[in-house]
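Heads up, the thing below is written out as structure tokens.
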Amino acid sequence: MAQFLLETVWLVPCYALIGGLLAVPWSPGIIRNTGPRPAGYVNLVMTFLAFVHSAIALQATWNQPAQEVFIPWLSTAGLDLTIALEISSVSVGALVVIAGLNLLAQIYAIGYMEMDWGWGRFYSLLGLFEAGLCALVLCNNLFFSYVILEVLTLGTYLLVGLWFSQPLVVSGARDAFLTKRVGDLFLLMGVLALWPLAGTWSYPELAKWAATANVNPTTMTLVGLALIAGPMGKCAQFPLHLWLDEAMEGPVPSTILRNSVVVASGAWVLIKLQPVLTISPVVSSAMVGIGVVTALGASLIAIAQIDLKRCQSYSVSAYMGLVFIAVGTQQYETALLLVLTHAISAALLVMSTGGIIWNSITQDVTQLGGLWTRRPISAIAFIVGTLGLIGFPPLGSFWALVKLADSLWETQPWLVGVVIAVNALTAVSLTREFGLIFGGKPRQMSQRSPEAHWPMILPMMILIGVSLHLPLVLQSLSLLPDWATLNKDIALLLIWSSIFGCSITGVIYFSNIPKPIRLPWQGLQDLIAYDFYTPKLYKMTIIFGVAKISQLADMIDRFVVDGIVNFVGLFSLLGGEGLKYSTSGQTQFYALTVLLGVGVLGMWVTWPFWGIQFLNLVFQISTLG
């Protein structure tokens, strides 16, 4: 049975796709008698089947060599587009994580969107999202990975714009779509430019080619920079990071997936392309630089935010920055471990705060407080999610961060300082959120904020158990780094940075110190709070430039193109009106007109010949004279 499920595990994306398609009739209200709720239940059943299928297949594929499945699609003019799928422990394990988190998110959505009018459409889009993510982790071809990423970009646009009657939702969906499209455009250029160099889009063949490639360094640098542009957008890295903040206008259940596995889709492609990207040292340095800037910058920005979703979105960008550092320094396994541990903890954090947003009717953390006694389960979930996201032993991210820092200690020790600083800033940010939400006295918006109902509590409690037992699972799968070989000093630095960040912030936000806390210099406070003025820089540069180019194009269209067309039309109209009153109705007059026209045309065509003859005649006359 397990072997059969392993051989058919490539069908797992079809479960979610079928669920999404079956939910379509309830989406526009074609089926009205039952209401939209069956759409959610159909998706739940199909996602549960996908989770069970992939979980059983994972046991069969463990410690087995990777297998490939080829599905012919198009072969013409020397171009072979065959859908290649990789079935390995890593890809099937990713299926388990995606299907499991999507199953919990759908159960959570039953409670969160209980009375929502977009129920059917929301669940059908979740099915599309799950199908795309599952297909991406199985795909072993760069071209089809790009196609799937485009589908996920469309899914992001539709999910963020679910409540399209709200102006902020419309602008958020548009900005998220356009920002990701910038990275996707450069990624497409890189994909197309890589074909004549390597002659293949297959990831294993690209790895073999990269091992012995002899390519012009400038060409490879440009191609590599284009290839990392797409993952930059997907992972919300600077300067393409603003879309994740805008995407928070969507429903919280979709944010569970977006903050955990959707942002990791770009990291997955980046990890797959690592052998190609390492050909150019410039590209590797660029990935490290982007990761450092985003990790430090986003961590600082998260501390100064008052919107609950914005705090978490910038923390996600910061963690993905660490993934960029891991890939840029050729740490494949560490990057995968970072993605896994982050997905579990980030999903738990969104679940714990989603219920607060649901019945407190606010996302402003300064208007909340005193929820520890009213929402103990949400508070425990937030604590577990926080500890699972920072360097706190023995939870998951501690091992990933230690492994990353240990590998950097000998080669690039300054990056160890970056990792420790990001860990401390993340601890400060999450502890600050906890203090503002759960600590202190109840405020007006949190006076009546009881714990959410069971569909939202059940997945939260399941994920708490998964987070606490994740180290045991990783140990049983031999995925934890060997403690005996790790640098104990680095581990202690990470632990102390976590303790320092949590304790200092806890003292501030659980005491009677006046709040909000402000920095001594207002300019620095505003710089961090307003995202280093990145939106203003966009408006002053890109948006301003595009607006001026659009105005110039509009002027050319109206005054040049339309002017020429209008002139021709006016000339034809006046000519026709003039001819209308000059016609006599006599046949010989029409024949004379035609002959004159033909004569003039003949003179114009033969003018070069007659011109030469005329010049010869003039020359002869002048000679005789």
Side-chain angles (χ1 to χ4, degrees), residues 58 61-67 86-98 136-140 145 203-204 206-208 210-211 228 231 235 260-261 263-279 283-284 287-288 291 295 319-346 388-389 391 393-412 415-416 418-419 422-423 470-487 490-491 494:
L58 178 61
T61 192
W62 199 253
N63 293 327
Q64 299 295 324
Q67 304 176 22
E86 180 188 5
I87 301 175
S88 63
S89 301
V90 175
S91 61
V92 178
L95 289 180
V96 175
V97 174
I98 293 170
L136 180 66
V137 299
L138 289 176
C139 184
N140 210 25
S145 294
Y203 288 128
L206 284 174
K208 294 179 182 178
I228 68 174
C235 296
S260 58
V261 290
V263 292
S265 62
W268 183 268
V269 174
L270 200 69
I271 293 169
K272 287 280 192 177
L273 285 173
Q274 180 182 334
V276 176
L277 301 176
T278 53
I279 296 176
V283 176
S284 298
M287 283 190 290
V288 173
Y319 209 93
M320 288 298 108
L322 297 180
V323 175
F324 262 68
I325 293 175
V327 177
T329 53
Q330 293 84 52
Q331 298 186 53
Y332 168 80
E333 295 181 358
T334 305
L336 287 175
L337 191 58
L338 285 167
V339 169
L340 172 61
T341 56
H342 169 265
I344 304 297
S345 300
L389 202 61
L395 299 183
S397 288
F398 169 75
W399 301 102
L401 293 173
V402 167
K403 188 174 183 180
L404 174 62
D406 183 58
S407 300
L408 297 172
W409 182 255
E410 297 294 337
T411 56
Q412 296 172 294
L415 287 177
V416 177
V418 172
V419 174
V422 171
N423 180 65
L470 184 60
L472 298 177
V473 175
L474 295 176
Q475 184 180 19
S476 64
L477 299 177
S478 302
L479 294 179
L480 284 184
D482 187 4
W483 175 255
T485 60
L486 291 176
N487 191 323
I490 293 177
L494 277 170

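For this chain, numbers begin at 1 and follow the sequence in order. Just so it is clear, the model here is predicted, and its values are computed rather than measured. Both backbone and side-chain heavy atoms feed into the values below; hydrogens, waters and symmetry mates do not.
Remark: Ile271 engages Val327, Tyr332, Ala335, Leu336 in a side-chain contact (heavy atoms from CB on, under 4.5 Å) (not counting sequence neighbours). Residues passing the side-chain contact (heavy atoms from CB on, under 4.5 Å) test with Glu333 are Lys403, sequence neighbours excluded. With sequence neighbours left out, Ser260 forms a side-chain hydrogen bond (donor to acceptor under 3.5 Å, both in side chains) with no residue at all. Remark: Ser407 engages Gln331 in a side-chain hydrogen bond (donor to acceptor under 3.5 Å, both in side chains) (not counting sequence neighbours).
Closest non-hydrogen pair, Ala267 versus Val339, comes out as CB-CG2, 4.2 Å. What you find for Gly266 and Cys235 is that their closest heavy atoms are C-SG, 3.8 Å.
Side-chain contact check for Ser145 and Tyr203: at least one donor-acceptor pair (N or O, by modelled atom type) lies under 3.5 Å.
Using a 4.5 Å cut-off on side-chain heavy atoms (C-beta onward), Met320 and Leu338 make no contact.
A donor-acceptor pair under 3.5 Å is formed between the side chain of Gln330 and the backbone N or O of Gly328. The main-chain N or O of Gly396 is never found under 3.5 Å from a side-chain atom of Thr341 such that the two would form a donor-acceptor pair. Judged by distance alone, with hydrogens and angles left aside, the side-chain atoms of Trp399 form a donor-acceptor pair with the main-chain N or O of Pro394 at under 3.5 Å. Distance alone, capped at 3.5 Å, is enough to place a donor-acceptor pair between the Thr278 side chain and the Pro275 backbone.
Once rounded to the nearest 0.5 Å, the distance linking CG of Leu401 with CG of Asp406 reads 12.5 Å. In this structure, OG1 on Thr329 lies 5.0 Å from CG on Leu408, to the nearest 0.5 angstrom.
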Which donor-acceptor pairs under 3.5 Å do side chains of residues 88-95 form with protein atoms, sequence neighbours excluded?
unit_1: Ser88; atom_1: OG; unit_2: Ser91; atom_2: N; d: 3.4
unit_1: Ser88; atom_1: OG; unit_2: Ser91; atom_2: OG; d: 3.3
unit_1: Ser89; atom_1: OG; unit_2: Thr61; atom_2: O; d: 2.9
unit_1: Ser91; atom_1: OG; unit_2: Glu86; atom_2: O; d: 3.0
unit_1: Ser91; atom_1: OG; unit_2: Ser88; atom_2: N; d: 2.9
unit_1: Ser91; atom_1: OG; unit_2: Ser88; atom_2: O; d: 3.1

